[in-house]
Amino acid sequence: MRAFHGQMSDNQPIRRTLAEKQKQLRDLRETLASMKSHTSPALRESVQKRIRQLESEVTAAPALKANDRRSTQAAPGGTDRPRTPRRRPERSI
């Protein structure tokens, strides 16, 4: 059976907001801290890798938001000139 566009099984990354990423980072840190000494090294390493990825994303997020604000404030419509209203073409009958 084929997936329709936008279905969760499309193998696309899940987009998370900054708050969701921060919550996930807290949860992963707690998980890593509560791991027992006999936990497999591969599992421990994968959690640590995901923590490093999330930390880099969270630290980069304010810079990305600042860049987005600057670009939208400079040119809200994509150009610096005011927009002209669209007119309907006149038909000759």
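For this chain, numbers begin at 1 and follow the sequence in order.
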OG of Ser40 to CE of Met35, rounded to nearest 0.5 Å, is 7.5 Å

d(Gln24 CD, Leu54 CG) to nearest 0.5 Å is 5.0 Å

Answer yes or no: is there an ion pair linking Lys21 with Glu55, defined by an N-O contact shorter than 4.0 Å?
no

Margin query: According to a hydrophobic-cluster definition based on side-chain heavy atoms being under 4.5 Å apart (Ile, Leu, Val, Met, Phe, Trp, Tyr only), do Val58 and Leu32 belong together?
Written below: no

With a 4.5 Å cut-off on side-chain heavy atoms, are Leu18 and Glu57 touching? no

| message | Val47 vs Arg50, test: side-chain contact (heavy atoms from CB on, under 4.5 Å). Steps then yes/no. | response | CA-CA 5 Å; Val47 171; Arg50 183 64 183 145; 5.8 Å; no

Self-check item: Short side-chain to backbone donor-acceptor contact, Glu20 and Thr17, under 3.5 Å
Solution: yes

Would you call Gln48 and Leu28 a side-chain contact if the rule is heavy atoms closer than 4.5 Å? no

